[in-house]
Amino acid sequence: MRFSKLLGRTLKEAPSDADCISHQYLVRSGMIQQVATGVYSYMPMGWRVFRKIENIIREEMDRAGGQELMMPSLQPLELWEKSGRLPSFDKTIFIVTDRKEHKLAMGPTHEEVITDLVRRTVQSYRDLPQLPYQIQNKFRDEPRPRGGLLRVREFFMKDLYSFDTDEASLDQSYKKMVQAYKKIYARCGLPSVMVEADSGAIGGKASHEFMLITESGEDEIIYCSKCDYAANTEKATSIKKPNPPEDLKSVEEVSTSGLKSIDEVATFLGVKADQTLKSVFYVADGKLVFVVIRGDFEVNEVKLKNALKCNDLHMATVAETKEAGLVAGYASAIGLKNVLIVADDSIKLGNNFVAGANKPDTHLKNVNYPRDFKANVIEDIARARAGDPCPRCQGELKAQRGIEVGHVFKLGTFLSERLGAYYLDKDGSSKPIIMGCYGIGLGRLLAAAVEQNNDEKGIIWPLPIAPYQLYLCPIKTEDVKVMETAERLYSDLTAAGIEVLFDDRQESPGIKFNDADLIGIPLRVVVSPRTLQSNSVEVKWRREKQSQIMPLEGLVSNLCTMLQVNG
RNA sequence: CGGGGAGUAGCGCAGUUGGUUAGCGCGCAGCGUUCGGGACGCUGAGGCCGGAGGUUCGAAUCCUCUCUCCCCGACCA
């Protein structure tokens, strides 16, 4: 490709509203352009990267036994009503109305459609297992799109669905996909980490996410420094250390005027945070929920949501708290009536806690469960913390940030049952097909690749997904000999199967080098009067500082070798 | 949806106590000088000041409504 003909220009300054690196560099390098909130066009160069990622994914899906198909974006709402997942997706579904006032969903995902498709197609155990997949755009009216391509409303997803007859077969499908996923990220040149995950709105049982580790990641990963335990904080557990046992004392009121936070109260009474009980109020599907947890822990809202099996969960507002008659800062579960109380199991790991007295400026000492209060639900609803012991091996847990670039789920049979996808087993009995689903966000992966691979000058694409492999840069384009050499190299390299971006623009060296660094093509070849004096060119990897001078003689095959060795 | 901010040239911004012709930098077009890390000179094109309504002799500037975009929380590939 000749740079002079390329659609898209590089920008010196990023739009001020781009705040994450991938967003800035992708826009500045002319790879993407925003159309609306969370809606982007891919410019030719960005689309080349996209297609490389897509091809790697497609190859690995095919290799794992997947069969590619295409399902439409428009989906009858009836399918969603049948599957019962409408409430959990709620406002994130874009709904369009046709001329007959019939409502259609812009598919946020395709489990409903594929399950219906399989229902019509698969009848016998002989037809299973199946691994259909598609690479398609999905629509989700996200509460808050952000970070350029990292979180958008129209995005491309590879989604594969597994259909199996039994758990053992599902395990196999799941394993195949996990292997394929690891292969995909590795082939893209992007080190990934697999972690245990919550299954969220998709529903289902086992679930793992694949993360690219970056500072700027939206997710926090908890992992063990000793064993291979790793989980999204949404899901992660840790061993909660019990307080030293004490004899139960009787409840005592203390005045704590003006002291509201755990820290303030604990400091005032000369106890540690883990000797207090924290109260937090939530509203779950419109109902107030009272949450109790040991003072040194924080509530994990995902776990809480799962414990409550609700669709909507938010912290209670001041008004909602007042309405329920709770005294913020001094509330506790003691003596509460007609309110759902959910407790973290940490409340059992100690005695004689300090808790609110349900009246202003007063706390209670020596509160004990279950002597002084009860809870409707007691479960693990705490955020696992770095520094705590690993639930598997007691090793120390650590935390890191990452970007979720893939998610696999064992769905089980709830969708096939609701949508009527049954098969006839060997014994003639009708059974629901066991499902799994496996997604990769392509644009997100592209953006995450940039988050993971950049420097102050710009992007540093891993070779397998770079828009072009080689950047060919003649300096002093009026110099006939330089241009002749460059033109010849361009056609020879192209003929040798190398993807070349040929910077034939009449620009100063500074502009060209800076653009090259910004765009991030892995290998740079410079032809100039200076290098030609010794019948050579300058060759430099984007990732490295040092360049080398290589003779024109045998250059094309030498470059091919360099690219092969490093590809 | 709750809280905070922004819409002026392709991009980044100034101008906002109402006052003539709306500016600057980058980019863009032409000519010339340059040519190994965003070079320089000259000339030039490009704006209903997000939209609608109002106040006024006069509105980018004041008022009302509206749309769009960004940031912080709930969502997720």
Side-chain angles (χ1 to χ4, degrees), chain A residues 9-20 23 27-28 30 33-39 57 88-93 108-109 135-159 181 197-202 209-212 218-219 232 234 282-284 301-302 304-305 311-315 317-320 403-409 437-448 457-458 473-479 482 506-518 524 526-531 538 540 547:
Chain A
R9 68 172 54 258
T10 56
L11 302 172
K12 233 179 219 175
E13 293 163 295
S16 59
D17 49 28
D19 56 3
C20 74
H23 189 189
V27 170
R28 280 189 55 205
Q33 234 173 57
Q34 185 173 25
V35 176
T37 304
V39 180
I57 293 174
S88 58
F89 274 85
D90 192 38
K91 289 201 172 70
T92 62
I93 301 195
T109 177
I135 297 171
Q136 225 244 3
N137 37 190
K138 316 270 171 175
F139 300 85
R140 291 185 192 173
D141 195 357
E142 291 288 335
R144 190 153 87 82
R146 75 181 94 148
L149 250 34
L150 284 173
R151 179 174 212 77
V152 291
R153 298 192 298 173
E154 177 175 354
F155 61 101
F156 285 87
M157 186 160 106
K158 183 287 302 176
D159 51 332
Y181 272 41
D198 181 75
S199 54
I202 305 285
E209 288 168 339
F210 291 81
M211 299 279 187
L212 295 199
E218 279 190 291
D219 287 281
N232 192 312
E234 292 177 356
Y282 284 90
V283 173
E301 294 188 7
V302 174
L304 177 60
K305 199 169 168 182
N311 288 314
D312 178 65
L313 180 75
H314 63 265
M315 284 261 243
T317 60
V318 176
E320 284 167 329
I403 300 171
E404 180 190 353
V405 291
H407 202 156
V408 295
F409 302 83
C437 73
Y438 314 84
I440 294 182
L442 278 79
R444 181 120 113 197
L445 184 53
L446 187 155
K457 288 283 192 179
C473 181
I475 282 178
K476 209 166 166 142
T477 45
E478 315 74 42
D479 186 311
V482 166
Q506 298 186 13
E507 292 289 356
S508 71
I511 289 179
K512 289 186 171 188
F513 290 153
N514 279 301
D515 277 349
D517 287 346
L518 177 60
R524 186 182 84 183
V526 177
V527 185
S528 73
R530 197 203 280 174
T531 65
E538 181 207 75
K540 179 182 170 295
S547 60

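All heavy atoms count here, side chains included; hydrogens, waters and symmetry mates do not. In what follows, chains carry the letters A, B, and so on, assigned in the order in which the sequence lines appear, proteins first and then strands, with residues in each chain numbered from 1.
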Rounded to whole Å, the CZ-C1' distance (A/Phe139 to B/rC75) equals 18 Å
**OP:** Using the P atoms only, state how far B/rU68 lies from B/rU21, rounded to an integer number of Å.
**Re:** 34 Å
Hits for side-chain hydrogen bond (donor to acceptor under 3.5 Å, both in side chains) against A/Arg444, two or more places apart or cross-chain, chain-then-number order -> none
With rounding to whole Å, what would you report as the distance between B/rC65 and B/rU20 at their C1' atoms?
-> 31 Å
request  = Answer yes or no: is there a side-chain heavy-atom contact under 4.5 Å between A/Asn232 and A/His407?
outcome  = no
In whole Å, what separates the C1' atom of B/rC13 from that of B/rA9? 12 Å
Point to revise | C1' spacing across the pair B/rA14 / B/rA6, given as an integer number of angstrom | key: 15 Å
A/Glu404 atom CD is separated from B/rC76 atom P, nearest whole Å, by 9 Å
Mate of B/rC31 across any strand shown (Watson-Crick or G-U wobble, both atom pairs under 3.5 Å) is B/rG41
Residue set satisfying side-chain contact (heavy atoms from CB on, under 4.5 Å) with A/Asn137, at least two apart, ordered chain then number -> A/Ser73, A/Phe139, A/Glu154, A/Phe156
Sorted by chain and residue number, the side-chain contact (heavy atoms from CB on, under 4.5 Å) partners of A/Lys138 (sequence neighbours excluded) come out as A/His110, A/Gln134, A/Phe155, A/Met157, A/Asp159, A/Tyr161
Expressed in whole Å, how much space separates the P atoms belonging to B/rC40 and B/rC35? 14 Å
Taken in chain and number order and not counting sequence neighbours, the residues that satisfy side-chain contact (heavy atoms from CB on, under 4.5 Å) with A/Asp479 are A/Lys476, A/Lys481, A/Val482, A/Pro529
A/Glu154 atom CD is separated from B/rA77 atom P, nearest whole Å, by 17 Å
A/Glu234 CD to B/rC75 C1', in whole Å, measures 10 Å
Checking N1-N3 plus N6-O4 or O6-N4 for Watson-Crick, or N1-O2 and O6-N3 for wobble, each under 3.5 Å, the partner of B/rG58 is none
Rounded to whole Å, CZ of A/Arg151 lies from C1' of B/rA77 at a distance of 9 Å
What does A/Asp159 touch in the nucleic acid at a heavy-atom separation under 4.0 angstrom: a base, only the sugar-phosphate, or nothing? nothing
Separation of B/rC75 atom P from A/Leu304 atom CG, nearest Å, is 11 Å
When rounded to whole Å, the CD to P distance for the pair A/Glu209 and B/rC76 reads 10 Å
Residues passing the salt bridge (charged side-chain N to carboxylate O under 4.0 Å, His left out) test with A/Arg144, sequence neighbours excluded, are none
**Message:** Any heavy-atom pair between the side chains of A/Lys91 and A/Asp141 that's under 4.5 Å?
**Reply:** no
Sorted by chain and residue number, the ring pair (Phe, Tyr, Trp, His ring centres under 6.0 Å) partners of A/Tyr181 (sequence neighbours excluded) come out as A/Phe210
Between CZ of A/Arg444 and C1' of B/rC75 the distance, given in whole Å, is 10 Å
Would you measure the distance from the P atom in B/rU66 across to the matching atom in B/rC26 and give it in whole Å?
41 Å
Strictly under 3.5 Å: I want the nitrogen or oxygen pairs between protein and nucleotides 67-74 of chain B, one per line.
from: B/rC69; atom 1: OP1; to: A/Thr37; atom 2: N; distance (Å): 2.9
from: B/rC69; atom 1: OP1; to: A/Thr37; atom 2: OG1; distance (Å): 3.0
from: B/rC69; atom 1: OP2; to: A/Thr37; atom 2: OG1; distance (Å): 3.2
from: B/rC69; atom 1: O5'; to: A/Thr37; atom 2: OG1; distance (Å): 2.8
from: B/rC70; atom 1: OP1; to: A/Gln34; atom 2: NE2; distance (Å): 2.9
from: B/rC70; atom 1: OP2; to: A/Thr37; atom 2: OG1; distance (Å): 2.9
from: B/rC72; atom 1: OP2; to: A/Arg144; atom 2: NH1; distance (Å): 2.7
from: B/rC72; atom 1: OP2; to: A/Arg144; atom 2: NH2; distance (Å): 2.6
from: B/rC72; atom 1: O5'; to: A/Arg144; atom 2: NH2; distance (Å): 3.4
from: B/rG73; atom 1: OP2; to: A/Arg144; atom 2: NH2; distance (Å): 3.4
from: B/rG73; atom 1: N7; to: A/Arg144; atom 2: NE; distance (Å): 3.4

Ring pair (Phe, Tyr, Trp, His ring centres under 6.0 Å) filter on A/Phe513, not counting sequence neighbours, yields none
Next on the checklist: Between B/rG10 and B/rG51, how far apart are the two P atoms, rounded to whole Å?
Outcome noted: 13 Å
Original post:
Hey, does A/Leu442 have a side-chain heavy atom less than 4.5 Å from the side chain of A/Lys158?
Top reply: yes
Heavy-atom contacts, protein to nucleotides 26-38 of chain B, under 4.0 Å, summarised as B (base), S (sugar-phosphate only) or - (none) per nt, yield SSS------BBBB
Using atom C1' in both nucleotides, what's the gap between B/rG25 and B/rG46 to the nearest angstrom?
15 Å
